[in-house]
Number of protein chains: 2
Amino acid sequence: MKQEKPKLVTLQEVAKHAGVSQTTASLAIRGKLNISEATRQKVFASMQNLGYVYDRGAANLRSKGASSTVGLIIPDLSNPFYTELLIGIHQELNQLGQTVILGTTFDSATVQDRLVSTILEHRVAGIIFFVVPGSRREPLDRIRRLGIPVVLINRNLSEGHCDYVGIDNVTGGRSAVEHLVRKGHRRIAFLGGVSQLSSWHGRTEGYVSGLLAAGLDVDESLIIEGPMTRESGHVLIEKILALPTPPTAVLCYNDIIAIGAMMKLKELGLTPGYDMGIVGFDDIPEASIFSPRLTTVSSFPRRIGTHAVRLLHERIEGLDSEPRSVVLQPELIVRESCSHKNL
Amino acid sequence: MKQEKPKLVTLQEVAKHAGVSQTTASLAIRGKLNISEATRQKVFASMQNLGYVYDRGAANLRSKGASSTVGLIIPDLSNPFYTELLIGIHQELNQLGQTVILGTTFDSATVQDRLVSTILEHRVAGIIFFVVPGSRREPLDRIRRLGIPVVLINRNLSEGHCDYVGIDNVTGGRSAVEHLVRKGHRRIAFLGGVSQLSSWHGRTEGYVSGLLAAGLDVDESLIIEGPMTRESGHVLIEKILALPTPPTAVLCYNDIIAIGAMMKLKELGLTPGYDMGIVGFDDIPEASIFSPRLTTVSSFPRRIGTHAVRLLHERIEGLDSEPRSVVLQPELIVRESCSHKNL
DNA sequence: GTGAAAGCGCTAACAC
DNA sequence: GTGTTAGCGCTTTCAC
């Protein structure tokens, strides 16, 4: 830590050292073809010698070409669902030689606005955007106005009118309910999530349609909104239990909530699955680790990430078509959390 | 997606629009004092009007000042321990207005080298570095030679001679063994991790010293190395079970391995905790969710992240002192996975 | 308080 | 194949 910030070696110095012009050095470094093998060697030798480090910022400023960074905005890192998504995105992006600038909103619109600004100031090549609940179009428009490609993930913005990748929430919600009905449940609640989210609408719509298809009534009091956290699961399941006629099963907005609910059930001396059927959504690693193992609807976060990067990359490469949507089909993962005692 | 990349608004245009010089506009935007309130207002109005977006890259190129990005190199995102670490780092960095460039090595030295290069090319202000097992000093030196501050996390490099934050692995390992001994265990294995890691040495050293302090022999065949994954846990516990005289308890290098081991135990019809005592290391969220709840040594990933950012920030601000180390004391979290049937 | 001019490290024209 | 020149968008002297 003793040395002062040493002056950085510039391309000019490399060129001088190699006895060529700066242009030649630049071309050599970037592996352009029209450079003789001999000069290329010389330039590389000088680079090594002087300890040259390429300055992407400067290059980028001059070339106005696609920068090599991509902005990623997600709500939260403590939910494994987002982590899985991040892994998918990250892997794919690395393969393309792009680096990730990461921002987490914690589902706050204010933070989201700030993050968008920062990311924009970094002149990213594109943005993968998991919007905050109830987000207005404005942040999205700001990005689009600058001509920066965006792909929206999982939560769509009405009239967002841009590339989107997510899962079929309606089908997911519906298949969960169908499973519960097959298991003999007749009174089923929907727990957690907030109505500002397109994904919430999809999942509840599937829930309702599953109920109706089975000839069951929809009881509005059985749909309870709440944050997407473990703690929320505790609270929500207690509310449900306190109802005059509690349901025999609950479908949760996501696995985090489902696990929170199951933990509270255990705490109350009840057995999840036996005393109360539970289905989650996402299939995070915890789902298969918890006891009882959680029946859930898989939403393939890694694959979503992969698709998002592909769509974005095509845009960055200049694709100019109508907005595209990739909607993955969810899959019901049947495990142990749904066999009620009385059924 | 229809519009072509629109020409970006520059500071010059803002200045012209506001009827001031570019210098004045620049000073106004950065909130320097020697600008009258009236001009400041004018400039900001013009910014809004024209939809100006500050270009950090350009600013940075000219000023050679601290860039506003920090590089973060971690092994893997699928282990919640790293996620927690990332959360801690991220939160703290956001508060300082720094953005994160993220790289994951998957414990590969090759990937690590490539990542270091990329991050360096982005002219980061500093790097938080979780080195790969068996990493040589070379990547670290490359960074240091450029005068870029680094703080090492959890895994120290012998002679790294730079800022470091981690936990006291020796004490952690030792307290785990002491707990196991108190529970009546006399034959205890150490599972997983690789000997290229300073943290592995610390934990095994603690393990050995705990054994010796209790007057027990150290059986080298009970220390088995292995990758830090769930799958590795499966494999390792089977190896242990196949021994002529299996131990009654195992201390695992980390929680991931411990959980993998417990899952395999269940699969084999054995009850973790009852048939085999298990202690983990890290205290990831899964540890308290698994059944039986895992007794483990907490290593406070978020706090490590926070400390790392603080150390790094001070260096970025110009602190020029001898390398500093922050070593956090781990804490034994006693839960349910250690009461053997015969003890 | 404010302005004019120079230049950070690089690439893109265009010449040769 | 290689060199010359100009300039990306900003901050920084240094005048006034």
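Side chains included, hydrogens not; waters and symmetry mates left out as well; all remaining heavy atoms used. Here is how names work: the chains are called A, B, and so on, in the same order as the sequence lines, proteins then strands, and each is numbered from 1.
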Does B/Arg40 count as lying over the ring of B/Phe44, i.e. NZ or CZ under 6.0 Å from the six-ring centre, within 45 degrees of the axis? yes

Closest heavy-atom pair, B/Ser135 versus B/Leu157, reported as atoms and distance to 0.1 Å, is O-CD1, 3.6 Å

For a quick check, with a 4.0 angstrom heavy-atom cut-off, what is the B/S/- contact string for nucleotides 6-16 of chain C, read 5' to 3'? BBBBBBBB---

Side-chain N or O of B/Thr24 versus OP1/OP2 of C/dG3: is the shortest distance under 4.0 Å? yes

Give a yes/no on whether any side-chain N or O of A/Thr39 is located under 4.0 angstrom from OP1 or OP2 of D/dG1. no

When the distance from CD1 of B/Ile29 to C1' of D/dG9 is rounded to whole Å, what number comes out? 11 Å

Minimal non-hydrogen separation, B/Gly57 against B/Asp55, with atom names: N-OD1, 2.9 Å

Got a salt bridge between A/Asp141 and A/Arg137, using NZ or NE/NH1/NH2 to carboxylate O under 4.0 Å? yes

Atom-pair distance (CG on B/Asn34; P on D/dC16), nearest Å: 19 Å

Could you tell me how far apart A/His122 (NE2) and D/dC10 (P) are, to the nearest whole angstrom? 14 Å

So which atom in B/Val14 and which in B/Leu50 form the shortest heavy-atom distance, rounded to 0.1 Å? CA-CD1, 3.8 Å

Rounded distance (nearest 0.5 Å) linking atom CG of B/Leu140 with atom CD1 of B/Ile127: 9.0 Å

